[in-house]
Amino acid sequence: MSAEQQGDEPAGLRKDAPPGPGATQGGADPRPATPSWIRELDMALTVHPQVLLTGNVRDQYLLPDDHAAGSSATLAPYSLGGVIESLCAARGYGALAFLDQVHERMTLLRLSATVDQVPAVLREFAERDEKWRRGRDGQGADGTDDEDEPEMLDRLRDAMVGVVHHPGPPIGLVVPYSGRLGSPQAPVAGEAARLFAAAEELGHTARPVQGASAVTPYNTVFWVVERQEELPREFAVGSRAVRVISVPQPPHDQRLAAARHVVGGLSRYQAATGGPALTEAETATAAKALADSSHGMGSSEVMAIGRMALDRNLPVQRLDEAARLYRIGVLDNPWATVELRERIATGEEFLNGKVIGQPYAVRRTLEIFMRSAAGLNGAQASSSPSRPRGTLFLSGPTGVGKTELAKGVAEMILGKDARPIRFDMSEFAEEHARDRLIGAPPGFVGHDAGGELTNAVRASPMSVLLFDEIDKANPRLFDLFLQILEDGRLTDGRGATVYFTECVLIFTSNLGITAAVMGEPPKGEADAGDAGGSGGTSGTGATEVAPRTNRRQLSRHDDPAMVRQSLREAFDAFFNDTIKRPELRNRFGDNFIPMDFMQEKWVPQILDKAIASVAGRVLETHGAELTLADDAWEVLRVEATRRLDHGGRGVLTAVESALVNPLAKEVFRTPPRRGERLQVVAIEGDGDGEGYRLEVERWQG
């Protein structure tokens with residue numbers, strides 16, 4: 001059946017490889033629609049002498065088997081060469097020639113033509129190829145190339161001239177990896193230049209030839225390249241003789257067909273090896289889950305997931321999980337482990353011990369990670385199953401524990417010694433800073449090195465990424481974050497894709513600490529009103545001055561609800577008005593977490609933790625035990641409270657000034673002996689003038 005007889009559908013396709021154990025049998029599977037690029041390619045054979053195929057050209061394409069002229073529901077995987085061969089056979093092409101860049105040879109595949117109907121140059125190449133094959137297989141010939149055998153580019157040029165000028169039947173010439181024939185950055189020279197000049201001229205002078213149908217095709221040259229920018233500048237991409245066809249990533253229906261292909265084979269294998277038989281509903285659910293979770297993958301990758309699942313003895317019900325883990329090369333899902341679930345379940349006590357004074361932020365944080373561990377990443381997760389496992393936007397005053405909370409999250413999720421990978425975004429304020437994160441574009445200095453962010457995630461696919469002071473970054477960087485939050489992936493300067501599927505992203509900011517507040521008018525204005533100045537008057541004749549809106553620095557004395565509202569309003573205004581990225585604000589959704597000012601009631605806990613840290617260093621360095629008497633501790637508490645406007649960092653600064661600095665002088669002058677006990681019984685002085693002095697008692701323990 002010809003393509004004309006089938007309307008828009010191309011003729012039956014010849015499979016590239018046998019279906020194998022995962023092939024779909026019979027009519028149980030609905031047939032997916034023939035991809036539009038294949039229909040476009042079929043049309044181009046009659047109207048264009050050259051075709052450039054770009055994009056997803058290295059994939060496999062799951063299409064109907066050819067034993068019933070394309071109407072079968074039995075599916076089989078095809079390579080791009082198999083698709084071209086099948087369409088050309090249906091169009092009555094006599095033969096196809098393929099450039100073999102591995103062995104630098106030209107191979108010939110006869111479809112309907114006899115030997116005499118093949119161009120002489122292709123017959124000559126076929127004889128040389130046969131001689132080479134006999135030598136390789138040990139059948140008498142030595143397998144070496146003749147000294148006078150032309151170079152590959154000469155061979156390709158001669159083949160192209162011979163094919164295009166052939167009177168019929170039509171012949172096709174397939175040139176894979178076309179971008180490797182010359183440099184895309186510089187003008188090509190020598191034989192490559194002659195080749196592309198000949199290709200351009202032949203494209204304009206070619207004429208249709210005798211075919212098997214009423215609409216006769218051309219002798220077609222098929223150029224194949226993954227990215228069009230890889231082609232040399234001399235390639236006539238804009239020529240009307242060249243049809244450029246983009247091969248897209250498979251849409252959902254094609255991935256679903258590949259998923260059914262995989263699930264069908266695995267379910268039969270599972271039943272044959274004594275496993276439970278799946279119902280049709282279970283099979284359909286597993287296929288849909290695999291298709292949904294393989295967003296952005298090719299059909300060959302979907303089938304590779306099936307092979308990985310078979311090799312790892314994963315049940316069909318876990319194929320969606322296998323797809324997620326296939327992206328990053330991690331065979332086990334750390335989010336599904338009992339150990340991690342237990343750490344998250346007990347995380348409130350753990351994180352409150354790490355970050356004192358932030359129970360609200362800790363509770364909100366754990367809600368997000370419970371959702372991730374349960375596999376429910378929010379109502380928007382269905383749009384892309386590749387999104388990061390968790391996203392937090394921590395906003396609050398300086399010194400309240402935003403960075404410490406990020407460290408606690410990393411330790412809770414990844415283990416005791418884990419730390420977040422930190423990026424100080426104040427270092428990325430320039431426009432070119434984007435290149436530091438993902439790498440310089442090709443052709444620029446350092447593009448081979450990759451980017452700091454993409455390299456870090458490639459090395460550690462399950463990481464906690466901390467973007468500190470995100471509001472100080474250049475606005476261009478926010479486009480990268482939008483792509484990460486939506487698709488869970490980035491392409492670095494070298495063209496490699498990095499997945500953030502198993503990462504946790506934490507952003508910090510102190511936006512909103514300067515807030516608009518309603519307050520009483522300044523005293524001078526109120527007095528002027530009483531004296532009869534301009535302003536509204538009450539019924540008693542007294543002038544009323546309306547409260548005015550002031551901007552002032554928020555403090556720990558403000559109502560926590562008002563502080564959280566101010567932080568949220570500043571967050572919204574930053575994305576809506578300042579950088580004009582409301583879509584990025586929406587991606588954060590409910591993951592915005594305001595952090596409260598440090599209150600006086602938390603000072604003793606922070607103080608005890610800081611003193612314990614100092615005592616630990618004394619014990620580790622000198623082998624001596626350090627304690628504080630009640631009076632000394634009280635002096636520290638008063639000093640820490642005085643500096644509480646700086647948050648928890650103010651408490652640590654007080655300990656540094658009133659305890660660590662004078663203690664260092666004491667230890668320097670008289671180093672303690674191992675096993676000795678030191679007790680600070682009094683702290684005198686203040687932070688001004690001479691500073692603090694300690695009264696220390698010592699005795700041997």
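As a basis for the values below, the full set of heavy atoms in this structure was taken, side chains included, without hydrogen atoms, waters or symmetry mates.
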Please check if the side chain of [X] supplies one atom and the backbone of [Y] the other of a donor-acceptor pair under 3.5 Å.
X    : Y    : answer
N455 : G451 : yes
D100 : R105 : no
T501 : R387 : no
R255 : D292 : no
Q483 : L480 : no
Q101 : P176 : yes
R227 : E230 : no

Is there a side-chain contact between [X] and [Y] in this structure, where contact means two heavy atoms from C-beta onward sitting under 4.5 Å apart?
X    : Y    : answer
F222 : L41  : yes
L490 : T497 : no
P77  : M303 : yes
Q60  : Y78  : no
R240 : H48  : no
I245 : V51  : yes
P170 : R91  : no
L453 : F500 : yes

If you take all heavy atoms of [X] and [Y], which pair is closest and at what distance?
X    : Y    : answer
V302 : V262 : O-CG2, 3.6 Å
W37  : P248 : CD1-CD, 3.6 Å
M297 : A323 : CE-O, 3.4 Å
L231 : G179 : CD2-N, 4.2 Å

Kindly compute the distance separating [atom1] ([X]) from [atom2] ([Y]), expressed to the nearest 0.5 Å.
X    : Y    : atom1 : atom2 : result
L122 : L173 : CG    : CG    : 7.5 Å
Q317 : S267 : CD    : OG    : 10.0 Å
R307 : E301 : CZ    : CD    : 10.5 Å
E40  : L45  : CD    : CG    : 11.0 Å
L53  : Q228 : CG    : CD    : 11.5 Å
F98  : M106 : CZ    : CE    : 11.5 Å

Distance-only polar pair, side chains of S294 and Y326, donor-acceptor under 3.5 Å: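 No.
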
Side chains of D59 and S300: is there a donor and an acceptor less than 3.5 Å apart?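 Checked: D59/S300 side chains pair up, N/O donor to acceptor below 3.5 Å.
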
For R489, salt bridge (charged side-chain N to carboxylate O under 4.0 Å, His left out) partners two or more places apart: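 Partners of R489 under the salt bridge (charged side-chain N to carboxylate O under 4.0 Å, His left out) test: none.
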
Test of understanding: with salt bridge (charged side-chain N to carboxylate O under 4.0 Å, His left out), list the residues that count as partners of R458, not counting sequence neighbours.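 For R458 the salt bridge (charged side-chain N to carboxylate O under 4.0 Å, His left out) partners, ignoring immediate neighbours, are D492.
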
Could you walk me through whether T220 and Y93 satisfy the side chain to side chain donor-acceptor pair (under 3.5 Å) test, starting with their C-alpha distance in whole Å, then the side-chain angles of each, then the deciding distance to 0.1 Å, before giving a yes or no? CA-CA 10 Å; T220 311; Y93 278 59; 2.6 Å; yes

Would R243 and L52 satisfy side chain to side chain contact (heavy atoms under 4.5 Å, CB included), going step by step from the backbone distance to the final call? CA-CA 6 Å; R243 180 77 176 199; L52 172 62; over 6 Å; no

Check: residues 195-206 side-chain donor-acceptor pairs under 3.5 Å, at least two apart:
{"unit_1": "H204", "atom_1": "NE2", "unit_2": "S239", "atom_2": "OG", "d": "3.2"}
{"unit_1": "T205", "atom_1": "OG1", "unit_2": "E201", "atom_2": "O", "d": "3.1"}

Can R58 be said to sit on top of Y177's aromatic six-ring, NZ or CZ under 6.0 Å from centre and within 45° of the ring axis?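 Ring-cation test returns yes.
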
With side chain to side chain contact (heavy atoms under 4.5 Å, CB included) as the test, would you mind laying out the steps for R180 and V225 before giving the verdict? CA-CA 9 Å; R180 302 298 182 262; V225 65; 6.0 Å; no

Can V209 and Y218 be said to form a side chain to side chain contact (heavy atoms under 4.5 Å, CB included), step by step? CA-CA 6 Å; V209 296; Y218 286 85; over 6 Å; no

Report the C-alpha separation of V224 and V175 in whole Å, then their side-chain angles, then the decisive distance to 0.1 Å, and conclude whether the side chain to side chain contact (heavy atoms under 4.5 Å, CB included) test is met. CA-CA 6 Å; V224 182; V175 187; over 6 Å; no

